[in-house]
Amino acid sequence: MQTPTDQMRILVEAAAAALQAGDASTARRHFEQVVASGQANAGVFVGLALACQSLGDRAAMLAAIERTLALDPVNIRALVMKGDHLVASNASRSATAFYAAAVQAASQAKALPPGVVQMARHAEQMYQRINAQLESHVRTQLEAAGHVQGGSARFAQSVEILMGKKQRYVQEPRAYFFPELANIQFFAREMFPWLAPLEAATSEIAAELQQLIATDQGFEPYIRQSADAPTRQDHPLLNNSAWSAFFLWKDGAPVPGNAERCPKTLAALAELPLCRIPGRTPSILFSRLAPGAHIPPHTGFLNTRLICHLPLIVPPNCHLRVGNERREWRAGEAWVFDDTIEHEAINGSERSRVVLIFDIWRPELSTQEREQVAALLAAIDSFGQRGEAWSA
């Protein structure tokens, strides 16, 4: 004898078969019987929505979709159907949220029926199409209002992020975070009037570098294994001379035997606002990146400092990416950037690239704040051995 559950299962199977055979009326009748019994799940409501869609009953279709999503908010079929409904109702901008949810749900599923895979692809295509239409509309409106040509570079970047053309990057220091500092990838030259005098000393600094290269002594792998801290054994540059450094200053002090070899380089930096934290900073070094080397994306340790590059030996096809902005080094053209924003470097040439690197205080910090940061880190260092999380 059949139980009520058996009867409902038979009705669902019959409804699904009718729907597959193109008999939407029969399918709808069977699905509605299951709904009336109080035993309908999300799958039944999806089937009912598909049947109502085939019959052109959009109101009933939408009601079934809403019931589906109430029971299963990540039901891919229902999400896509809701998106399609919104597009047909001239609400394309709202539809993108449902298409995006469908794509995300599909990406997280271990396996999907072929029909659902096709719907997920449709959702992705619609999402991209609507975003392209939105971008075109927005740019047309901005141009008409005179906000395109000669506008703010950071406003332009905000539009790119909004449209999904670029990613949002923020400060992510690995050790110490100082709040309320602006997220700026590369800083404007005008903020650092000492850049031009530094660049004027490029030839003298490069001459000292060439003397170091001639002896080929003092360069060491930048990423080195330390007995005092855990090391990522999978780091591609661990103990690897593909990224090497000649330190003039390290951990806030001159490196004996190295600093004396580059007096003109240190003289060019003497009046700069170097980030001085005893036992930690500044670091002043010649950074050498071998042909074909790639420093993978990473972030620095503390956001109270900025990193300065003075390119010295720069073959073609060498660049640094900080957040969304990619720049190619040019010999003698210095820049300042925030290394707590994700960045990476690539030498795509067949010759070594060498850059002078040093760190400065963030200009927003007051003298008192700089002293407080230095005291804080000194207090941390005074607690037993130097903390592993702070080793550079």
Side-chain angles (χ1 to χ4, degrees), residues 19-20 24 41-145 147-148 151 153-170 172 183 185 297 321 323-326 341-342:
L19 191 60
Q20 188 172 9
N41 57 20
V44 169
F45 283 111
V46 166
L48 178 58
L50 289 169
C52 293
Q53 182 184 49
S54 296
L55 294 170
D57 190 341
R58 300 191 62 81
M61 177 200 72
L62 182 60
I65 290 172
E66 300 294 357
R67 295 288 298 274
T68 303
L69 293 175
L71 294 170
D72 181 10
V74 294
N75 188 285
I76 295 172
R77 288 185 183 273
L79 288 168
V80 175
M81 292 178 73
K82 180 65 177 289
D84 289 346
H85 169 76
L86 289 169
V87 169
S89 303
N90 294 319
S92 295
R93 190 154 60 92
S94 297
T96 57
F98 290 90
Y99 289 137
V103 171
Q104 182 178 11
S107 69
Q108 295 174 348
K110 294 182 179 180
L112 293 171
V116 178
V117 170
Q118 186 175 0
M119 293 193 80
R121 288 175 182 166
H122 168 72
E124 185 171 7
Q125 292 169 354
M126 290 298 296
Y127 179 84
Q128 293 174 351
R129 182 187 306 172
I130 294 170
N131 269 2
Q133 293 170 347
L134 173 61
E135 181 179 4
S136 176
H137 171 79
V138 167
R139 292 192 182 281
T140 299
Q141 295 293 313
L142 289 175
E143 186 173 354
H147 295 308
V148 175
R154 58 183 180 178
F155 172 72
Q157 186 177 173
S158 76
V159 175
E160 296 289 305
I161 294 171
L162 178 66
M163 298 301 170
K165 294 295 186 66
K166 290 185 177 179
Q167 185 175 336
R168 181 189 308 170
Y169 288 97
V170 297
E172 296 181 288
N183 283 292
Q185 296 167 169
R321 177 189 66 82
N324 283 308
E325 189 171 353
R326 167 177 160 164
I341 294 175
E342 182 189 277

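A donor-acceptor contact shorter than 3.5 Å links the side chain of N324 to the backbone of Q167.
No more than 12 heavy atoms of other residues, nucleotides or ligands shown are found within 6.0 angstrom of CD on Q20. Applying the 6.0 Å contact sphere to CD of Q118 captures no more than 12 heavy atoms from other residues, nucleotides or ligands. Atom OH of Y169 has more than 12 heavy atoms from other residues, nucleotides or ligands within 6.0 Å.
Nearest heavy-atom pair across G323 and Q185 is CA-OE1, 3.6 Å. Taking each heavy atom of F98 and L79 in turn, the nearest pair found is CB-O, 3.5 Å. When all heavy atoms of G47 and L19 are compared, the closest pair comes out as O-CD2, 4.0 Å.
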N/O donor-acceptor pairs under 3.5 Å from side chains in residues 64-77, not counting sequence neighbours:
unit_1: E66; atom_1: OE2; unit_2: K82; atom_2: NZ; d: 2.8
unit_1: T68; atom_1: OG1; unit_2: V46; atom_2: N; d: 3.4
unit_1: T68; atom_1: OG1; unit_2: A64; atom_2: O; d: 2.8
unit_1: D72; atom_1: OD1; unit_2: V74; atom_2: N; d: 3.4
unit_1: D72; atom_1: OD2; unit_2: N75; atom_2: ND2; d: 3.4
unit_1: N75; atom_1: OD1; unit_2: R77; atom_2: N; d: 3.3
unit_1: N75; atom_1: OD1; unit_2: A78; atom_2: N; d: 3.0

Can you list, pair by pair, the side-chain donor-acceptor contacts under 3.5 Å of residues 51-61, counting residues two or more places apart and other chains?
unit_1: S54; atom_1: OG; unit_2: L50; atom_2: O; d: 3.2
unit_1: D57; atom_1: OD1; unit_2: A60; atom_2: N; d: 3.1
unit_1: D57; atom_1: OD2; unit_2: R28; atom_2: NH1; d: 3.2
unit_1: D57; atom_1: OD2; unit_2: R28; atom_2: NH2; d: 3.1
unit_1: R58; atom_1: NH2; unit_2: H85; atom_2: ND1; d: 3.2

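Residues meeting the salt bridge (charged side-chain N to carboxylate O under 4.0 Å, His left out) test with R121, sequence neighbours left out: none. Residues forming a salt bridge (charged side-chain N to carboxylate O under 4.0 Å, His left out) with K165 (at least two apart in sequence, or on another chain): E135.
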Take V87 and I130 through the test side-chain contact (heavy atoms from CB on, under 4.5 Å) and record every step on the way to the result.
CA-CA 9 Å; V87 169; I130 294 170; 3.9 Å; yes
Could you go step by step and tell me if Y127 and V103 meet the side-chain contact (heavy atoms from CB on, under 4.5 Å) rule?
CA-CA 9 Å; Y127 179 84; V103 171; 5.5 Å; no
How far apart are the C-alpha atoms of R168 and E342, what are their side-chain angles, what is the distance that settles it, and do they pass the salt bridge (Lys or Arg N to Asp or Glu O under 4.0 Å) test?
CA-CA 10 Å; R168 181 189 308 170; E342 182 189 277; over 6 Å; no
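The NE2 atom of H137 lies 9.0 Å from the CZ atom of R93; values are rounded to the nearest 0.5 Å. Taking CD of Q133 as the reference point, atom CE of M126 lies at 7.5 Å (rounded to 0.5 Å). Taking CE from M163 and CG from L134, the interatomic distance works out to 4.0 Å, rounded to the nearest 0.5 Å.
Within the structure, no pair that satisfies the salt bridge (Lys or Arg N to Asp or Glu O under 4.0 Å) test touches residues 99-110, not counting sequence neighbours. Pairs passing the side-chain hydrogen bond (donor to acceptor under 3.5 Å, both in side chains) check and including a residue from residues 94-105, sequence neighbours excluded, read D84-Y99.
Two residues are said to be in side-chain contact when any heavy atoms from C-beta on lie closer than 4.5 Å; R129 and S92 fail this criterion.
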